[in-house]
Amino acid sequence: MNTRSTVARQDAENASPEQTSDDPTPGGRGRWRWARHEWTLAALASLLLAVVLTWPTLRHPASTIPGDLGDPTLQAWQVAWSGHALLSNPLDLWHSNTFYPEKYTYAYSDTLLGYAPIGMLGSGVEAAIIRYNVLYVLLHALASLGAYALARQLGANRWGGAVAGIAWAYAPWRLAHSGHLNILSSAGIALSLAMLARGHGWSLRHGYRPERRRPGWALAGWLVAAWQITLGFGIGLPLVYFLLAAVLVAAGCYGWSWWRKRERLPFGRRLLFADLAGGAVFGAVTLSLGLVYLRVVDLNPQAERTLDWTKMFSPPLIGFVTAPADSWLWGEPHAAAREQLSWPPEMALLPGMTLIGLAAAGLFFSVFRLRHQVALGLGVLGTVLLGLGATLGGDGDPGYLTLSLHLPGWDALRTPGRMMHWTSLLLAVLAAGAVTALAESSGQPATRRWTRFVMPLVLLVPLTMVTLEGVNRTPHPTVPQAPAAMRAAQEPLLVLPAGGVGDLTYMLWSTDGFPRVTNGLAGFEPVSQAQTRTAVASFPDQGSVAYLRGIGVRSVVVVPSRAGGTPWEGIEARSIDGLGITREDLDGTLLYRL
């Protein structure tokens, strides 16, 4: 047995990301070494896997949308509006074309502002749907790549990184959020942590290695964290507090080591400057966005959420081992368990049976140091306890509700179960440590030759299982086409029937030119919108026409096929005589000009 070659192969496999590169080869082949680089292959594999595991999202990307016709249509509009506003009039970014005549309407929910560059591509309703579907696939690819990078940086080998990446990005609990792009958009968490760890030369396996410091990567980590914040505070705010805590702990450990050894550990001015500059950008982005949301609450006091919301969405313990209905592998077997959950979309929190098993093994068998295994295990326990919300101890205090009472902004995070982002990420790191230890056991000199040949087949088992647990049964409904009357109407306009989920479809339709519309739906209702809906319940008549003219509305678009069971059912038979308005039938949709 050639021990030297075995050790060399093992060192290459376990190398940190910054170490892995292909040496130039003679002739022209060296120019193409990037194509064989680990990160090129990882990125391509992530993209391919995302297309497969989100299928059939890209089967009809211009006409269907994953999940349902609720939040996805809203979020398709959000991405489109941010791109349109930044290209046409950046000063009006927060004052969107919906909820007319209200202000700061773009901040009525998580904005997905970080996707604005993609929102600049194309125009119209069809482009908005295509953008959403492409983003839906890309965010899964980026999440798996981010978790892979984090596991590799922390000391896992490629097998461990692959298991961590797939297990985190395609955890069964995420399938309950197929219609929540803002919840699925968490790749920046893993990516920023991987970059910050690499920039500071730190890993779970090797600790702090000053020679590995890379100030540029540290700065990039802060910028990616800032980008994650722009995708929404619902997922971003816990990252803010985690990074703040990490900075304090790291500074404390650095000071303790300095005091204990009576010598200053290398850190460097460049790395300090990168941290200060990156941290300043991160803080500025967080503060500026936070001020916008505070302005919304000032204008709409009813937008402030009470802790009753948190109590309502707090899951029972069984939720952490219960899969959502959209899970291909576990959906039907867990149907009975879901019946015990009062709100399954936020309480079916299974991170993956395979992941739980691998993480449990990682507590006892791992390449990470014992104290780090213990820390990861405590992290899993802590995030699960927080994820229980008010269920913990009967009132969640101490626990999630304690944070809601004392941490600024935490009270707006009404769904404790979304702590599963952190629970599943910690489980993925633990699993990566166990898989890496298993893989490396075959490279030991005392290991028999046949074991080294069989081991890749053994390692395919956990990789295959975490992949199967990510297979979806997500519905992909067809998005209703915008009626011709929307394009013919003069703005500002009102679309009837108003209120409910249908307003989200109207918001999507408004991406064709972005006319100002009174319609809109968010987590709260502005006073003016409720007033408008009440005033136009009898439209068309003298009172409703006078009200609409008074607030500046110039057109009303009515979709009779949607009016059944609403105050506007049979509106096509109502007379407009003596109202001073006109009515036109455009392919079954009514256009009233005021």
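Worth knowing before you read on, the calculation uses all heavy atoms, side chains too, and leaves out hydrogens, waters and symmetry mates.
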For this session: Test Asn472 against Trp328 for side chain to side chain donor-acceptor pair (under 3.5 Å), laying out the working first.
Result: CA-CA 5 Å; Asn472 75 87; Trp328 172 78; over 6 Å; no

Exercise. Does the pair Leu47 and Leu145 meet the rule for a side-chain contact (heavy atoms from CB on, under 4.5 Å), with working shown?
Worked result: CA-CA 9 Å; Leu47 283 171; Leu145 184 63; over 6 Å; no

For this session: Evaluate the side-chain contact (heavy atoms from CB on, under 4.5 Å) criterion for residues Leu459 and Leu463: first the C-alpha distance (whole Å), next the side-chain angles of each, then the deciding distance (0.1 Å), finally the verdict.
Result: CA-CA 7 Å; Leu459 293 171; Leu463 193 63; over 6 Å; no

Problem set entry | Criterion side-chain contact (heavy atoms from CB on, under 4.5 Å) on Arg562 and Thr505, from CA distance to verdict | CA-CA 11 Å; Arg562 291 172 165 257; Thr505 299; 3.7 Å; yes

For this session: Quick one: do Trp159 and Leu460 satisfy side-chain contact (heavy atoms from CB on, under 4.5 Å)? Show the steps, please.
Result: CA-CA 9 Å; Trp159 283 102; Leu460 279 175; 4.0 Å; yes

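The side-chain heavy atoms of Phe320 and Met347, taken from C-beta on, include no pair separated by under 4.5 Å. Side-chain contact check for Asn157 versus Val367: every heavy-atom pair is 4.5 Å or farther apart. Contact annotation: the side chain of Trp202 never approaches that of Leu196 to less than 4.5 Å [non-hydrogen atoms, C-beta and beyond]. Between Tyr108 and Pro526 there is a side-chain heavy-atom pair separated by less than 4.5 Å. Looking at Val281 and Trp222, their side chains never come closer than 4.5 Å, going by heavy atoms from C-beta outward. The shortest side-chain heavy-atom distance between Leu74 and Ser109 falls under the 4.5 Å cut-off. When side chains are defined from C-beta on, Leu430 counts as touching Val380, because their heavy atoms get closer than 4.5 Å. Side-chain atoms of Pro475 and Asp326, non-hydrogen and from C-beta on, do get closer than 4.5 Å to each other.
For the side-chain hydrogen bond (donor to acceptor under 3.5 Å, both in side chains) condition, no pair includes a residue of residues 233-251, sequence neighbours left out. Sorted by first and then second residue, the side-chain hydrogen bond (donor to acceptor under 3.5 Å, both in side chains) pairs involving residues 399-412 (not counting sequence neighbours) are Asp397-Thr402. Counting only residues at least two apart or on different chains, the side-chain hydrogen bond (donor to acceptor under 3.5 Å, both in side chains) pairs with a member in residues 518-531 are Glu102-Ser528, Asp503-Asn519, Glu525-Arg533. Applying the salt bridge (Lys or Arg N to Asp or Glu O under 4.0 Å) rule to pairs touching residues 224-253 yields nothing, sequence neighbours excluded.
In this structure, Leu191 CG and Leu150 CG are separated by 9.0 Å, a value rounded to the nearest 0.5 Å. To the nearest 0.5 Å, atoms CD1 (Ile235) and CD1 (Ile229) are separated by 10.5 Å. Note that the CG atom of Leu239 and the CD1 atom of Ile189 stand 5.5 Å from one another [nearest 0.5 Å]. Here NE2 of His177 is found 5.5 Å from CZ of Arg418. Values are rounded to the nearest 0.5 Å. For the atom pair Leu329 CG and Glu469 CD, the distance stands at 6.0 Å (nearest 0.5 Å). Distance check: Gln228 CD to Phe233 CZ gives 11.5 Å after rounding to the nearest 0.5 Å.
Of the charged side-chain nitrogens involved, at least one lies within less than 4.0 Å of a carboxylate oxygen, so that Arg205 and Glu440 count as a salt-bridged pair. The pair Glu332-Arg473 meets the salt-bridge criterion, since a charged nitrogen lies less than 4.0 angstrom from a carboxylate oxygen.
Heavy atoms only, all atoms of each residue included: Ala218 and Asp275 are closest at CB-OD1, 4.0 Å. Of all heavy-atom pairs between Gly179 and Pro72, the closest is O-CD, 3.4 Å. The minimum heavy-atom distance between Ala147 and Gly165, with the atom names listed, is CB-CA, 3.6 Å. When all heavy atoms of Gly221 and Met195 are compared, the pair lying nearest together is CA-CB, 3.5 Å. Shown here for Leu521 and Met507, the closest heavy-atom pair between the two residues is N-SD, 3.7 Å. For the pair Pro324 and Leu175, the tightest heavy-atom approach, listed with the atom from each and the gap, is CG-CB, 4.0 Å.
With sequence neighbours excluded, the residues satisfying ring-ring contact (aromatic ring centres under 6.0 Å, His included) with His421 are Trp173.
Checked against His95 for a ring pair (Phe, Tyr, Trp, His ring centres under 6.0 Å), the options Tyr106, Trp81, Tyr104 give a single hit: Tyr104. Only one option out of Tyr170, Trp168, Trp55 pairs with His140 in a ring pair (Phe, Tyr, Trp, His ring centres under 6.0 Å); it is Tyr170.
In summary, the side chains of Ser185 and Tyr115 do present a donor paired with an acceptor at a separation below 3.5 Å, with no hydrogens or angles considered. Side-chain contact annotation: Thr391 with Ser314, donor-acceptor N/O pair under 3.5 Å absent. Side-chain contact annotation: Ser186 with Arg174, donor-acceptor N/O pair under 3.5 Å present.
For Ser366 (side chain) and Phe368 (main-chain N/O), a donor-acceptor pair under 3.5 Å exists by modelled atom type. A donor-acceptor distance shorter than 3.5 angstrom exists from the side chain of Gln373 to the backbone of Leu363, with no hydrogens or angles considered. Of the possible donor and acceptor atoms, one in the side chain of Gln78 sits under 3.5 Å from a partner among the backbone N and O of Asp110. A donor-acceptor distance shorter than 3.5 angstrom exists from the side chain of Ser203 to the backbone of His206, with no hydrogens or angles considered. Under the 3.5 Å distance criterion, the side-chain polar atoms of Thr111 are left unmatched by any main-chain donor or acceptor of Ala107. For the pair His476 (side chain) and Ile65 (backbone), a donor-acceptor distance under 3.5 Å is absent. Thr73 places a side-chain N or O within 3.5 Å of a backbone atom of Leu69 that can act as its donor or acceptor partner.
Annotation for Gln302: atom CD counts as buried by contact number, over 12 foreign heavy atoms lying within 6.0 Å. When the shell of 6.0 Å around CH2 of Trp343 is examined, it contains 12 or fewer heavy atoms from other residues, nucleotides or ligands.
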Enumerate donor-acceptor pairs with a distance under 3.5 Å from any side-chain N or O in residues 285-292 to protein atoms, sequence neighbours excluded.
unit_1: Thr286; atom_1: OG1; unit_2: Phe282; atom_2: O; d: 2.9
unit_1: Ser288; atom_1: OG; unit_2: Ala284; atom_2: O; d: 2.9
unit_1: Ser288; atom_1: OG; unit_2: Val285; atom_2: O; d: 3.0

